[in-house]
Amino acid sequence: MAVGNGISSIALTPITTDPLATLKVNGATVASGSASAALPLNVGTNTITTVVTAQDGITTKMYTLTATRAASGNANLSLLKLSNGTLNPVFSAGTTGYTIDVNNSVVSVTVTPTTGVATSTVTINGATVPSGAASGAIALNVGANAINTVVTAQDGVTTKTYTLTVIRAASSNANLSTLGQSAGGLTPAFSSGTTSYTSSVSNAIATITLKPVSSDANATIKVNGTTVTSGTITAPIAVAEGAQTVISTVVTAQDGATTKTYTLTVTRAPSTNATLSGIKLSNGTLSPAFTGATVSYTASVANSVATIMITPATTDPAATIIVNGIAVTSGTASNPIALAEGGPTAITIAVTAQNGTTMDTYTVMVTRAPSTNANLSTLGQSVGGLTPAFSAATTSYTINASNATEKMILKPVSSDANAIIKVNGTTVVSGTITTTIGLAVGPNTITTTVTAQNGTTTKSYTLTVTRAAGGADSFAAGIGVSKQAETPALADDGIQVHQGVSPNGDGINDFLMIDNISQYPDNKLMIMNRNGQMVFETRGYDNSSKVFDGHSNKNGQMQLPGTYFYQLDYTVSGITKHKTGFIVLKY
């Protein structure tokens, strides 16, 4: 007979034909018509024997009942446990799908399944697990991890799958484990919890690389905004000379939200480079040709080049330049530098390195050719009537002087202050008065020779002064007075006061000339106007630094044209002499 798996036992009620016969079911005596004790049924074939013994006690007969109990189809679990996390929803044998959230720190779990019936078998992710025992460790990736628990019923056909979806959280670890740098040492020593560091490098270090390593391999790293794989070296990062360069390393955890920024401030020592990379001149050529190691140079320019500009360039852009005491930007021209004629002009280029202490000094000696200008700008004669009117290009002149004009002076001025002037062979400083030149009756030749600064170019100006033999004195007419201005005869002491003064800038009679007064420095000159008012007074009149040129030294004003009266006191051999007279002032 066949019974379902739910029939775990049966009882037999045998009835004998002869009431006096006895019965045994599976060896146990059973009264005819009474039920036997419960007979357990195993899954599969179960043989139950009933033996009848006749009254005679000898004759027996055995009845055999084969009961086949079906295998179990129960594939349920009665319990499902996880080593970490909580099932959602709460376990129920009829619910086959669950989710479990675990921290990122949970890298593996074990599963303990318990079958609803002992005869069922279980596999977890394909590996057999005894009911009620824990599985082996199951590794968890970040995110969803499916763990399948398959229960197979005793019948070998019926199965049931329970699926656990274990969601492992992403890492929030944004730490570095190491921050390696190619140069310099970190201060303080690296610790993942410390985020700010400093490092000092020499000036020779122009770039630096970092090698950051994240504590969690799943974190991402960016150095100054550029992604860097953990444990690899960054591209070179430039560090500024003499300044601080900030390098930021940002670590983003696997969860994409947690970040941590490590800051490294690198201080590069300032440059000690105080060399020039070049020197350019606005005129002329450097000798020798420029090299950074050579600090002394020369250059020559024409006399027409009155100024020069220097354009120095530093090897290090951070260095500073001073040319002849004035700051100049590298690569730009200096202010014009005046060049002395006929001699070297020293130009000093001082270069100071970025460190503020290292200095190199370059010197350029520029020689400007001497002047070839041998012109006069004025002849400055004390006697009027120059013919023709003075011009630097004209070299021959004449003057017709009265017989009373016994002497004269010149005040030659050179166009170039460096030229040398000689009047009748005697050197005269440009703009100063010659010694008195005596005039004989008739023609008198006065030669003024100008030698240019170059020492070779010369120019001679010839003045022929013809002194009249006698007759009317034409001097006063020459200066435009209405009455002849009498010139006293030369005293024994050589003092003669010229009576014509015309300070109009033509170099003739521009001031009151007193011949030989320089021989008597102990003198006093007073000049009064027609009203007797003192307009000029001085001691030590010398025809040079102390002169009357129409200005009052009382109020500084230019006096009106007209006749003025003078008194001259001077000492000769301890004796004071007095000279009085008049002068005519005309412009």
Sort and list the pairs that fulfil ring pair (Phe, Tyr, Trp, His ring centres under 6.0 Å) and have at least one residue in residues 299-325, not counting sequence neighbours. none

Pair [X], [Y]: side-chain N/O donor-acceptor within cut-off below 3.5 Å:
{"X": "T571", "Y": "D522", "result": "yes"}
{"X": "T457", "Y": "T372", "result": "no"}
{"X": "S430", "Y": "S414", "result": "yes"}
{"X": "T275", "Y": "N273", "result": "yes"}
{"X": "H498", "Y": "D515", "result": "yes"}
{"X": "D316", "Y": "Q354", "result": "no"}
{"X": "D216", "Y": "S171", "result": "yes"}

Among residues at least two apart in sequence or on other chains, which ones pass salt bridge (Lys or Arg N to Asp or Glu O under 4.0 Å) with K222? none

Please list, one pair per line, the donor and acceptor atoms closer than 3.5 Å that link side chains of residues 202-212 to other protein atoms, with sequence neighbours excluded.
| unit_1 | atom_1 | unit_2 | atom_2 | d |
| --- | --- | --- | --- | --- |
| S202 | OG | A204 | N | 3.4 |
| N203 | ND2 | E241 | OE2 | 3.1 |
| N203 | ND2 | A269 | O | 2.9 |
| T209 | OG1 | S182 | OG | 3.4 |

Worked verdict on V497 versus L512 for side-chain contact (heavy atoms from CB on, under 4.5 Å): CA-CA 8 Å; V497 179; L512 176 62; 4.0 Å; yes

Taking atom NZ of K280 as the centre, does the number of heavy atoms from other residues, nucleotides or ligands within less than 6.0 Å exceed 12? no

Parallel, tilted or perpendicular: ring planes of Y541 versus F536, cut at 30 and 60 degrees: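 Taking F536 first and then Y541, their aromatic rings stand perpendicular (interplane angle over 60°).
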
Go through it in stages, so that I can follow the logic: the residues are V465 and I446, the test is side-chain contact (heavy atoms from CB on, under 4.5 Å), and I'd like the CA-CA distance, side-chain angles, deciding distance and then a yes or no. CA-CA 8 Å; V465 181; I446 304 173; 4.2 Å; yes

Between the side chain of S552 and the main-chain N/O of V535, is any donor-acceptor distance below 3.5 Å? yes

With a 6.0 Å cut-off on ring centres, are F548 and F511 close enough? no

On a heavy-atom basis, the closest approach of P188 and S196 is CD-O, 3.8 Å

Let me see the working for I347 and T363 under side-chain contact (heavy atoms from CB on, under 4.5 Å), right down to the final yes or no. CA-CA 6 Å; I347 301 175; T363 302; over 6 Å; no

